[in-house]
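Reminder, nothing fancy here: chain letters follow the sequence lines and each chain counts from 1.
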Number of protein chains: 2
Amino acid sequence: MLQTGSSVSTRESIHSAAAQLFRSRGYSRTTVRQIAAEAGTDPALVIRHFKSKELLFLETMHLTLDDEPLLDVPLERLGERLAELLLDLGGSARGVFLALVHGSNEPHIHDRLRDTHEHLFVEPLRRRLSGPDAGIRARMAAAVAGGLLYALWVAGDQGLLRMDRAELVSRYGTLLQDVLTPRTS
Amino acid sequence: MLQTGSSVSTRESIHSAAAQLFRSRGYSRTTVRQIAAEAGTDPALVIRHFKSKELLFLETMHLTLDDEPLLDVPLERLGERLAELLLDLGGSARGVFLALVHGSNEPHIHDRLRDTHEHLFVEPLRRRLSGPDAGIRARMAAAVAGGLLYALWVAGDQGLLRMDRAELVSRYGTLLQDVLTPRTS
DNA sequence: GAAGTTCGGTCAACAATGTTGACTCCGACT
DNA sequence: AGTCGGAGTCAACATTGTTGACCGAACTTC
């Protein structure tokens, strides 16, 4: 194999520098030259390694959720557990989510956001539900979950942000629970 | 008065051209030169009239909601009415909402989105509610409402988009109603 | 060991972007 | 008549993503 020693390390330098910058500054506000500088290399090399800024973005911005907590909880506590999961989702997840939302003006990034929404929220919930409208309920719960992240992070609702976490978990938990397993009033 | 005849008309040409382009192509994908061409004028004039592309964006992208339908409906049908309102919100409102969401990487646009969320959803609902937790319920309902628009337009959930409108109104209506006026189970 | 090929790296350049400044022009007021 | 202010035009600037030309080193092949 031809020398890959140096290439791998610089490629990874670019990758991690890009991930950090995209998370903290978003897609449009981070420049290829910034990434190159942070990685200690040349802007041209960034493009050479990842073809384009957009592909680099797509390669670095992955949002995953450990869905074990959603699987091992009894069905009647699924809403509460999901609420906990969402409100504990801080740090890097926030940056990735916002970068995807903000960048989704770009078609490919929009596709990525759609996929993320699907297999981050819809699918795990769908697997826990049964009944003819299980799909619909899963999608609605996913929309409610996304709505929480939207209100907190995208819209920046100060009222919700300042709320006591326990109360928010409780209220949003029962709300999600009602969507997932409706009370047949 | 000094000649304002021509200036007003070109200024309005720029305004409407910008509004249309921002709505259909978003903030980052519409260029000042495109706006100028559409308005039949010069890129420099666009900046001269509106100081910057961002200020032009803020001046054109306003999202308003006719909240009368939320005021004249009995309280126990507020959720359903809100769901109808959200799902009828098509056309230009969709473009403005998406432009704000996508552009809110920019701090000033983020402020605008926060204000819009506040006085489009939170305030009208807050006014219809009473009780010690009225503010919280209004904010949560606003988050759910935003979540619907997020799932439909930002994430582009195909499952929800293909759903029967009447069923979506019914399901989301009762969901919102439960948030606004909780059943004390 | 010599030649050659392939890849990482550097540099300069390109087109397109938002924005600015210099300059012209024309209508309005003194 | 003259001057003043704002609208319009044009050329330029810095910055953006991206490309192509070159260089050097390491591995392969004879």
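Salt-bridge check for A/Asp67 with A/Arg81: failed, with every basic side-chain N at 4.0 Å or more from each acidic carboxylate O.
By the 4.5 Å heavy-atom criterion applied to side chains, B/Ile14 and B/Ile35 are counted as neighbours.
Residue A/Ile14 contributes atom CD1, which lies 14 Å from atom C1' of D/dT18 at whole-angstrom precision. When the P atom of D/dG17 is taken as reference, atom CG of A/Leu56 falls 11 Å away, rounded to whole Å. Summarising the geometry, the separation between CZ on A/Arg11 and P on C/dG9 is reported as 12 Å, rounded to the nearest angstrom. When the C1' atom of D/dT16 is taken as reference, atom CG of A/Leu21 falls 15 Å away, rounded to whole Å.
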What pairs of nitrogen or oxygen atoms, one from the protein and one from nucleotides 20-23 of chain C, lie under 3.5 Å apart?
none

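Residue A/Thr10 places at least one side-chain N or O closer than 4.0 Å to OP1 or OP2 of C/dG9. Residue B/His49 has a polar side-chain atom (N or O) positioned under 4.0 Å from OP1 or OP2 of D/dG8.
Across D/dA7, D/dT18, C/dG18, the shortest atom-to-atom separation from the side chain of B/Leu45 is found for D/dA7.
To the nearest 0.5 Å, the span separating CG on B/Leu65 from CD on B/Glu123 amounts to 12.5 Å.
Defined by atom type and a distance below 3.5 Å, a donor-acceptor pair is present between the side-chain atoms of B/Gln177 and B/Thr181.
The stretch residues 68-77 of chain A participates, sequence neighbours left out, in these side chain to side chain donor-acceptor pair (under 3.5 Å) pairs: A/Arg77-A/Glu80.
In this pair, A/His15 and A/Phe50 present their aromatic rings tilted. The plane angle is within the 30 to 60° band. Aromatic ring pairs are classed by plane angle as parallel below 30°, tilted from 30° to 60° and perpendicular above 60°; the pair A/Tyr150 and B/Phe97 is tilted.
Residues of residues 24-36 of chain B that place a heavy atom closer than 4.0 Å to DNA chain C, in numerical order, are B/Thr30, B/Thr31, B/Val32, B/Arg33.
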Show your reasoning for whether salt bridge (Lys or Arg N to Asp or Glu O under 4.0 Å) applies to A/Glu59 and A/Lys51.
CA-CA 11 Å; A/Glu59 198 143 329; A/Lys51 308 301 290 179; over 6 Å; no

